[in-house]
Amino acid sequence: MTDLFNKFDPLIEQRRALLAGGVEDPFNLVMERVISPTVAVCNGRETILLGTYNYMGMTFDPDVIAAGKEALDDYGSGTTGSRVLNGTYAGHKACEEALKEFYGMDHAMVFSTGYQANLGIISTMAGKGDYIVLDIDSHASIWDGCKMGDAEVVPFKHNDIVAMEKRLKRIPEGAGKLVVLEGVYSMLGDIAPLKEMIRVAKENGAMVLVDEAHSMGFIGPNGRGVAEDQGCLEDVDFVIGTFSKSVGTVGGFCVSNHPKFEILRLVCRPYVFTASLPPSVVHTAATSIRKLMHGANKRAHLWENSKTLHKGLRDKGFTLGTDEPQSAIIAVIMPDLERGAAMWEALLKEGLYVNLARPPATPAGMTLLRCSLCAEHSADQVQTIIGMFERAGKAVGII
Amino acid sequence: MDRAATAEKIAELIEPFNKKGVAITEATTFAGDLEWDSLTVMDFVAAIEDDFDIIISMNQQAEIENYGQLIDAVTKLQG
Ligand SMILES: Cc1ncc(COP(=O)(O)O)c(C=O)c1O
């Protein structure tokens, strides 16, 4: 018998070597207690959270919590069914109404996760003989959506408008085309030149899907994302998003103005063949989305935090993923996985949690310490964080 | 362009990507013999696509494991 686990041996060995060096396992951390959107207890130590996607700090919002508790009492703990059978409750509809209003769009479809929203929409929209043209640094859920469908998949170099245009122009006459982009790319925290890219996509007869997972609630005058910020949201055919970041719970969605959009509820398999979100989740999501519409002050404070941390870390001598802060994600580039893991551990001992990211999730084989800021981080906390980075960076020999 | 001319052009294009100076035959594999990672593959595919003005989709790339198969595919894609 061939042991089917043999293919994982290189990874098992890499992990063993890393942990044998005495490093705490970066992928097995437990949050023992959560005190606020920005502070938790890990390994008995009070820790500042700088590696969550809780950008707008909605997880402990009193109105959001109250809506969830009430829904638990009124509707029970779960729906035990698919959206298209017994799993659509008032809360799912309320969520879709909130999303339509939030984006100013005609249709909204709520999925059980953002991963499934990408999987479902991409694999269903682009069928046999159609072409998907996508950025090479796309999120795993986008790639998996491509893999699940029957379309031809054509990647182009990250954020390269010319490379994208060349590929669009070579697609055979008459074939359907779907261009897939992201507003914020979550590894380096850089944004896409959506306005130009969408213009080129439209000139070449393509429909456009933009994943705004990391920009919702924060970027754009109304928090609708990078497309709104660049003034091209009305040219986007499908916006994909998630409740697992700024919204502060779990779930995914697609919003669109396409007149035939509703048919997707019947043909999109990751929507049909899974249970719908629990009532408490959709009620917290709907409440949170409505509050995010009025989050201008929080958005302004989050930008301040992002700018302060970016400048602070650069001044201390760290290498960052972008020259200017473009989102709430600041990626600190590590020289290699070993020192990245050592730095991650040194920060944890300082009382700071960041995200360790490594290939294949990262572009160009980089090891990154990804910092994601929250609107609830105080200006003092940001200064504390910069001090922790400086001490840990010196201890590990990175700066 | 016929197969021979295509092969000649591809030989030229692969040169800067063959950093280890591996002696390339029709049976040379990209992942195994040349040890290319996904980024190198993308850059090389882009170079071929731009030179021949074709698209080699990921679906087609999955079928191309060695150098000979690449020449065949590019010859065919030029129509
Ligand atoms: C760009 C992007 N799209 C989609 C997702 C999936 O979201 P969810 O956590 O709701 O499955 C994520 C989150 O990891 C993401 O970063």
Side-chain angles (χ1 to χ4, degrees), chain A residues 7 10 122-123 126-138 140 142-180 187-188 204 206 358-366, chain B residues 1-3 5-10 12-22 29-67 69-79:
Chain A
K7 52 176 142 331
I122 294 171
S123 66
K128 199 159 183 58
D130 298 331
Y131 281 75
I132 300 169
V133 177
L134 81 167
D135 192 291
I136 191 88
D137 287 349
S138 294
I142 293 173
W143 283 109
D144 291 357
C146 293
K147 219 166 179 179
M148 194 171 119
D150 299 315
E152 296 293 319
V153 179
V154 181
F156 61 87
K157 188 163 169 246
H158 179 52
N159 274 350
D160 188 330
I161 302 168
V162 175
M164 181 190 80
E165 181 167 25
K166 278 186 190 160
R167 276 151 192 80
L168 279 169
K169 289 201 185 306
R170 290 180 196 138
I171 292 173
E173 192 82 36
K177 297 167 218 162
L178 178 66
V179 167
V180 179
M187 284 300 139
L188 294 177
N204 287 279
R358 52 144 193 213
T362 53
M366 281 188 269
Chain B
M1 216 183 273
D2 65 9
R3 193 178 191 283
T6 302
E8 201 172 311
K9 187 73 217 172
I10 294 178
E12 230 172 81
L13 291 170
I14 203 169
E15 194 67 24
F17 293 91
N18 184 10
K19 298 225 168 68
K20 295 200 177 112
V22 174
T29 62
F30 298 102
D33 298 330
L34 295 174
E35 295 179 32
W36 284 0
D37 58 19
S38 60
L39 271 182
T40 309
V41 170
M42 183 193 64
D43 287 341
F44 176 63
V45 169
I48 299 258
E49 286 178 327
D50 287 350
D51 200 274
F52 289 94
D53 198 22
I54 53 172
I55 284 187
I56 313 175
S57 70
M58 304 268 291
N59 322 44
Q60 290 162 324
Q61 288 173 38
E63 308 284 309
I64 302 173
E65 284 178 2
N66 67 38
Y67 190 67
Q69 289 166 344
L70 175 69
I71 298 171
D72 290 337
V74 174
T75 308
K76 199 163 141 228
L77 282 167
Q78 292 170 83

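We use all heavy atoms of the structure for the numbers below, so side chains are in, but hydrogens, waters and symmetry mates are not. Throughout, protein chains are lettered first and strands after them, A, B, ... in sequence-line order, and every chain is numbered starting at 1. Computed from a predicted model, the values in this text were never measured in an experiment.
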- Under 3.5 Å donor-acceptor, Q69(B) side chain and N66(B) backbone: yes

- Does any heavy atom of chain A fall under 4.5 Å from the side chain of I56(B), the backbone, both, or neither of them? neither

- Item | Rounded distance (nearest 0.5 Å) linking atom CG of N204(A) with atom CE of M164(A) | 7.5 Å

- Show the numbers, then the answer: is there a side chain to side chain contact (heavy atoms under 4.5 Å, CB included) between W36(B) and D43(B)? CA-CA 11 Å; W36(B) 284 0; D43(B) 287 341; over 6 Å; no

- Item | Side chain / backbone / both / neither for I132(A) at chain B, heavy atoms under 4.5 Å | neither

- Measure the spacing between NE2 of H158(A) and OG of S138(A) and express it to the nearest 0.5 Å. 9.5 Å

- Item | Which atoms of L39(B) approach chain A - backbone, side chain, both or neither, heavy atom under 4.5 Å | side chain

- Query: Which atoms of D50(B) come close to chain A, meaning under 4.5 Å heavy atom to heavy atom: side chain ones, backbone ones, both, or neither?
  - Reply: both

- Query: Where does K147(A) contact chain B at under 4.5 Å (heavy atoms): side chain, backbone, both or neither?
  - Reply: neither

- Task: Please answer whether the main-chain N or O of T29(B) pairs with a side-chain N or O of D33(B) as donor and acceptor at a distance below 3.5 Å.
- Result: yes

- Non-hydrogen atoms of chain B under 4.5 Å away: do they reach the side chain of A151(A), the backbone, both or neither? backbone

